[in-house]
Q: 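Sharing a structure, written as structure tokens. Questions coming.
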There are 2 protein chains.
Amino acid sequence: MFSKSCEYAIKAMIFIAQKSKDEARVGIKEIAKGTDSPEHFVAKIMQDLSRRKLVHSVKGPNGGFYMDHFDLKTSLADIVKAIDGDSIYKDCVLGLKACSEKNPCPVHNEFKEIKKNLIMMIEDNTIGDFNEKLDSGKFFLRNK
Amino acid sequence: MFSKSCEYAIKAMIFIAQKSKDEARVGIKEIAKGTDSPEHFVAKIMQDLSRRKLVHSVKGPNGGFYMDHFDLKTSLADIVKAIDGDSIYKDCVLGLKACSEKNPCPVHNEFKEIKKNLIMMIEDNTIGDFNEKLDSGKFFLRNK
DNA sequence: AAATTAAAAGAGTTTAATATCTTTTAATGG
DNA sequence: CCATTAAAAGATATTAAACTCTTTTAATTT
């Protein structure tokens, strides 16, 4: 559904949200361990998310990544678009460039509905929402 | 959403269905041209689909691929499973091996609904259905 | 100001997906 | 049964995604 990079990005964002109550900073190593992700790879992805202002970062001692109240409003769609681009939004499922509403491929209408639901869902759900889910103790990010 | 291989597979299957009224056979070159796909690559994919009995093939002069009445009942899901495997069915969107109904990741329930709809749709829709759509003249497979 | 810390940036490697090319096998027609 | 045709199979090449390592920059602490 999403690329590995995107999976890591989503997990990292949720992890940072969890850890950054009262502006605390989380380092790359902690993020990598906390999300079972390859450290240097997730570091690259964080650079991206940071450049795109989806998280804040500070260098130096006690530095790291954090999210403020506003950052919690970041939607899944924001992350997906940042990392995987908008192919979910605009590309034909069969890869047909000519496919459109006026010139639909045979599977166009069936996937239109699916994609609409998917897009609505990722637009609606924010990091803050998932953060609260984890807080409830009924959902888990760790893999072991 | 799907791999390139899977896109080619779906397009090839629909194309063959179109061409195999009265048991006619379609060659690899014709399939490749008719679906804007790389010839040798689509040949490999057809080997797979043929081995898995989703299409019939005959070698030699006037040989090629074809589908009988029964083959038209092949669902999109059959093709997806044959080529991309069942990761849509069983893998966590965040790649968490520990994620399950009892141990859900934060995005589990949101994607559960999306995936359910997607799976139902690909299970329900057959090559025969898309074949009829193309026959209606309101849908198109060609890319130019 | 110097030492230290941690992210940013850049460069490089590995692996898997995509794509191509060649040889073999099996069917058909002459 | 020989020549031809076309898929099957196998081997190779290319590209992009995934992952790693090193150097640089910018903070902080002492």
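Chain letters run A, B, ... following the sequence lines, proteins first, then strands; residues in each count from 1.
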Q: Tabulate protein N/O versus nucleotide N/O from nucleotides 8-12 of chain C, keeping only pairs under 3.5 Å, one per line.
A:
from    : atom 1 : to     : atom 2 : distance (Å)
dA8(C)  : OP1    : S50(A) : OG     : 3.0
dA8(C)  : OP1    : S57(A) : OG     : 2.8
dA9(C)  : OP2    : R51(A) : NE     : 3.1
dA9(C)  : N7     : K44(A) : NZ     : 3.4
dA9(C)  : N7     : Q47(A) : NE2    : 2.7
dG10(C) : N7     : K44(A) : NZ     : 2.7
dG10(C) : O6     : K44(A) : NZ     : 3.3

Q: Is K19(A) atom NZ crowded by more than 12 heavy atoms from other residues, nucleotides or ligands, each under 6.0 Å away?
A: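 Incorrect, the count does not exceed 12.
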Q: Can you measure L49(B) atom CG to dA7(D) atom C1' for me and round it to whole angstrom units?
A: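 That distance rounds to 14 Å.
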Q: Could you pick out which residue, R25(B) or P38(B), lies toward the 5' side of DNA chain C when each is mapped onto its nearest nucleotide?
A: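 Closer to the 5' end of DNA chain C: P38(B).
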Q: Whole-Å distance between dA7(C) P and I45(A) CD1?
A: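 My rounded result for the distance is 15 Å.
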Q: When you look at CG of N62(B), are more than 12 heavy atoms from neighbouring residues, nucleotides or ligands closer to it than 6.0 Å?
A: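 No, not enclosed.
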Q: For DNA chain C, what residues of residues 27-37 of chain A have any heavy atom nearer than 4.0 Å?
A: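 Heavy-atom contacts with DNA chain C come from G27(A), I28(A).
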Q: Run the salt bridge (charged side-chain N to carboxylate O under 4.0 Å, His left out) test against D135(B) and tell me which residues pass, sequence neighbours left out.
A: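 Applying salt bridge (charged side-chain N to carboxylate O under 4.0 Å, His left out) to D135(B) gives K21(B).
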Q: Just by distance, do the side chain of D84(B) and the backbone of F2(B) share a donor-acceptor pair under 3.5 Å?
A: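 No; judged by distance alone, with no hydrogens or angles, the pair does not exist.
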Q: When all nucleic acid strands are considered with a 4.0 Å heavy-atom cut-off, which category describes V26(A): base, sugar-phosphate, or nothing?
A: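 Sugar-phosphate only.
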Q: Would a distance-only check, ignoring hydrogens and angles, find a side-chain to backbone donor-acceptor pair under 3.5 Å from D78(A) to S75(A)?
A: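 Indeed, once roles are kept as given, a pair shorter than 3.5 Å links the two residues.
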Q: For Y66(A) and dA6(C), what is the distance between atoms OH and P respectively, to the nearest whole Å?
A: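 After rounding, the reported distance stands at 16 Å.
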Q: Looking only at the side chains, is there a donor atom on one of D71(A) and T74(A) sitting less than 3.5 Å from an acceptor on the other?
A: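 Per modelled atom types, D71(A) and T74(A) side chains form no pair under 3.5 Å.
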Q: Less than 4.0 angstrom between a side-chain N/O of Y8(A) and OP1 or OP2 of dA18(D), yes or no?
A: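 So the side chain of Y8(A) is outside the cut-off, no N or O lying under 4.0 Å from OP1 or OP2 of dA18(D).
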Q: Base, sugar-phosphate alone, or nothing: which one does V55(A) contact when heavy atoms must sit under 4.0 Å apart?
A: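 Nothing: the residue V55(A), judged by heavy atoms under 4.0 Å, touches no strand.
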Q: Taking the side chain from N117(B) and the backbone from I114(B), do they hold a donor-acceptor pair closer than 3.5 Å?
A: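 No; judged by distance alone, with no hydrogens or angles, the pair does not exist.
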Q: So which nucleotide from dA19(C), dC19(D), dT29(D) ends up closest to the side chain of F41(B)?
A: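 For F41(B), the side-chain atoms sit closest to dA19(C).
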Q: Is the number of heavy atoms from other residues, nucleotides or ligands within 6.0 Å of NZ (K90(B)) greater than 12?
A: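 Correct, the count exceeds 12.
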Q: Between P on dA17(D) and NZ on K4(B), what's the gap in Å once rounded to a whole number?
A: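 K4(B) atom NZ is separated from dA17(D) atom P by 11 Å.
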Q: Tell me: CG of D48(B) to P of dA7(D), nearest whole Å?
A: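 Taking CG of D48(B) and P of dA7(D), I get 16 Å after rounding.
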Q: Between N103(B) (side chain) and S100(B) (backbone), is there a donor-acceptor pair under 3.5 Å?
A: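 No: the side chain of N103(B) does not pair with the backbone of S100(B).
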